[in-house]
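For reference, the structure discussed in these notes is given below.
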Amino acid sequence: MAPKLVFVLPIVLLGWAFQAILQPPPTKLCGSPGGPPLTSPRIKLRDGRYLAYREDGVQKDKARYKIITIHAFDSTKDIPLPVSKVLVEELGIYLLAFDRAGYGESDPNPKRDVKSEALDIEELADQLELGQRFYVLGTSMGGYSVWGCLQLAGAALVVPVINYWWPSFPAELSKQAFKKQVVPEQRTLWIAHNVPSLLYLWMTQKWLPSSAAAMHHPEIFSKHDLEVLQKMMTMPRTMENKSRQQGTYESIHRDLLVAFGRWEFDPMNITDPFPQNEGSVHIWQGYEDRLVIVELQRYISKKLPWIKYHEVPEGGHMFMLVDGWTDRILKALLVGEEPSAV
């Protein structure tokens with residue numbers, strides 16, 4: 001027995017140590033002892049989780065248009081949509097933002113996937129009585145949530161994240177686009193897709209750079225993006241970004257796992273949700289975007305010709321944050337006004 005114990009014990013201890021390294025720490029739930037405080041209204045979902053939200057724009061009962069906005073990677077509902085108050089009042093727009101699962105003040109969802117994100121939006125709309133027709137606007141990482149809930153009044157996907165492993169992409173096209181990412185991002189996305197159990201270890205190790213997006217590395221920003229960042233730095237900072245306050249794993253790490261994991265469906269097999277032109281779907285893409293590669297976005301628009309595709313020649317990943325672009329995006333979505341300079 002003793003020789004066996006001497007042999008087995010180190011293996012067991014090594015297994016426990018390895019599991020501890022791979023296992024992310026417990027989430028700090030909002031409102032729990034020692035956790036972040038609750039400051040926002042929330043709804044209780046069917047599975048018992050809570051979803052935090054924020055209302056803006058005109059009063060809901062007086063609105064002509066109701067829009068659910070879906071925040072980007074490492075962001076929250078509290079980062080305001082840069083739309084002019086003049087347009088909001090003119091068109092009568094009610095805006096509903098929410099923290100996606102694990103972000104801000106919304107409970108994490110260990111089973112989060114593209115479908116669950118769409119169901120969260122559906123429940124939010126039902127509980128807040130938005131009615132049968134409303135719009136969704138997803139930005140960057142928030143775009144993957146939109147693919148699961150297109151059959152509404154309409155949808156806008158602004159620089160929406162693309163999964164390089166969607167089956168409909170030609171292998172060579174996807175490979176070439178993937179190589180345009182900076183090397184640390186390539187490694188991170190490859191791990192998220194192929195070895196998801198190692199993502200937490202990869203994102204927290206200190207020997208090699210991991211996700212350039214998570215670290216806001218300058219290499220991921222185009223010239224236009226850097227100009228946008230400079231403009232934003234001159235503006236007064238009115239709020240703290242609380243995207244990771246419940247923990248990085250259930251917020252930004254889980255986002256990477258879902259967006260670049262194995263989807264339950266291929267978006268390029270979706271049929272036109274508005275065959276009678278009772279609504280529309282738009283994709284907005286910056287030509288100079290270094291995070292979402294324009295060639296893949298163009299391919300999607302050709303495969304799905306019912307999508308209205310808009311390409312901003314000098315735009316980077318952050319083009320909608322300045323120069324009135326959000327107003328143009330909303331006008332195109334809500335009233336069909338084609339923007340100039342696109």
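On a predicted model such as this, the values are computed, not experimentally measured, just so you know.
Glu117 contributes atom CD, which lies 8.0 Å from atom CG of Asn109 (distance to the nearest 0.5 angstrom). From Trp147, atom CH2 reaches atom CD1 of Ile162 across 8.5 Å, with rounding to the nearest 0.5 Å. Between the CD1 atom in Ile283 and the CG atom in Leu304 there is a gap of 7.5 Å [rounded to 0.5 Å]. The CH2 atom of Trp325 sits 6.0 Å away from the CZ atom of Phe319 when rounded to the nearest 0.5 Å. Here CE of Met203 is found 4.5 Å from OG of Ser210. Values are rounded to the nearest 0.5 Å. Annotation: the span from Gln23 atom CD to Leu201 atom CG amounts to 12.0 Å, rounded to 0.5 Å.
No donor-acceptor pair closer than 3.5 Å links the side chain of Asn241 to the backbone N or O of Ser75. No donor-acceptor pair under 3.5 Å is formed between the side chain of Asp99 and the backbone N or O of Ala52. Between the Ser116 side chain and the Asp113 main chain, a donor and an acceptor come within less than 3.5 Å of each other.
Side chains of Glu172 and Gln176: a donor-acceptor N/O pair is present below 3.5 angstrom, by distance only. Between the side chains of Gln297 and Tyr299, no donor-acceptor pair is found at a separation under 3.5 Å. When only modelled atom types and interatomic distance are considered, Asp74 and His216 share a side-chain donor-acceptor pair under 3.5 Å. A donor and an acceptor atom, one from each side chain of Glu105 and Thr39, are located under 3.5 Å apart. Remark: the Lys308 side chain and the Ser301 side chain contain no N/O donor-acceptor pair separated by less than 3.5 Å.
Following chains of ILVMFWY side-chain contacts shorter than 4.5 Å, one can reach Leu229 starting from Leu321, so the two form part of one hydrophobic cluster. Leu119 and Leu152 fall into different hydrophobic clusters, where Ile, Leu, Val, Met, Phe, Trp and Tyr side chains are chained together by heavy-atom contacts under 4.5 Å. A continuous path of hydrophobic side-chain contacts links Ile329 to Val322 [ILVMFWY only; heavy atoms under 4.5 Å]. When hydrophobic clusters are built by joining Ile, Leu, Val, Met, Phe, Trp and Tyr residues whose side-chain heavy atoms come closer than 4.5 Å, directly or via intermediates, Leu333 is not grouped with Val86. One hydrophobic cluster holds both Trp190 and Leu173 under the rule that ILVMFWY side chains link at heavy-atom gaps under 4.5 Å.
Minimum interatomic distance between Pro160 and Gly143 (heavy atoms only, all atoms of both residues): CB-CA, 4.1 Å. In this structure, Leu256 and Ala192 approach most closely via the heavy-atom pair O-CB, 3.9 Å. Across all non-hydrogen atoms, the minimal contact from Leu91 to Tyr65 is O-CD1, 3.3 Å. Residues Cys149 and Val136 approach most closely at O-CG2, 4.3 Å, considering heavy atoms.
Ring geometry, Trp166 versus Phe169: the interplanar angle falls under 30°, so the pair is classed parallel (tilted spans 30 to 60°). Ring-plane geometry between Tyr164 and Phe260 is classed as parallel, the angle between the planes falling under 30 degrees on a 0 to 90 degree scale with a further cut at 60.
Ring to ring, Phe178 and Trp165 are close: their centroids are under 6.0 angstrom apart. Remark: aromatic rings of Phe221 and His317 are distant, center separation not under 6.0 Å.
Residues forming a salt bridge (Lys or Arg N to Asp or Glu O under 4.0 Å) with Asp255 (at least two apart in sequence, or on another chain): Arg100, Arg112. Residues meeting the side chain to side chain contact (heavy atoms under 4.5 Å, CB included) test with Lys60, sequence neighbours left out: Glu55, Lys66, Tyr94, Leu128, Leu130.
At a threshold of 4.5 Å between non-hydrogen side-chain atoms, the residues Ser106 and Arg42 do not count as touching. Using a 4.5 Å heavy-atom threshold, the side chains of Leu291 and Val159 count as separate. Contact of the Met215 side chain with the Pro209 side chain is registered, since non-hydrogen atoms from C-beta on lie closer than 4.5 Å. Side-chain contact check for Trp284 versus Leu157: every heavy-atom pair is 4.5 Å or farther apart.
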Would you list the atom pairs, donor with acceptor, under 3.5 Å between side chains in residues 268-280 and any protein atom, with sequence neighbours excluded?
from, atom 1, to, atom 2, distance (Å)
Asp272, OD1, Phe274, N, 2.8
Glu278, OE1, Gln276, N, 3.0
Ser280, OG, His282, NE2, 3.0

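For Glu264, the CD atom is densely surrounded, since the number of other residues' heavy atoms within 6.0 Å is greater than 12.
For the salt bridge (charged side-chain N to carboxylate O under 4.0 Å, His left out) criterion with Glu295, the lone passing option out of Lys175, Lys180, Lys179 is Lys180.
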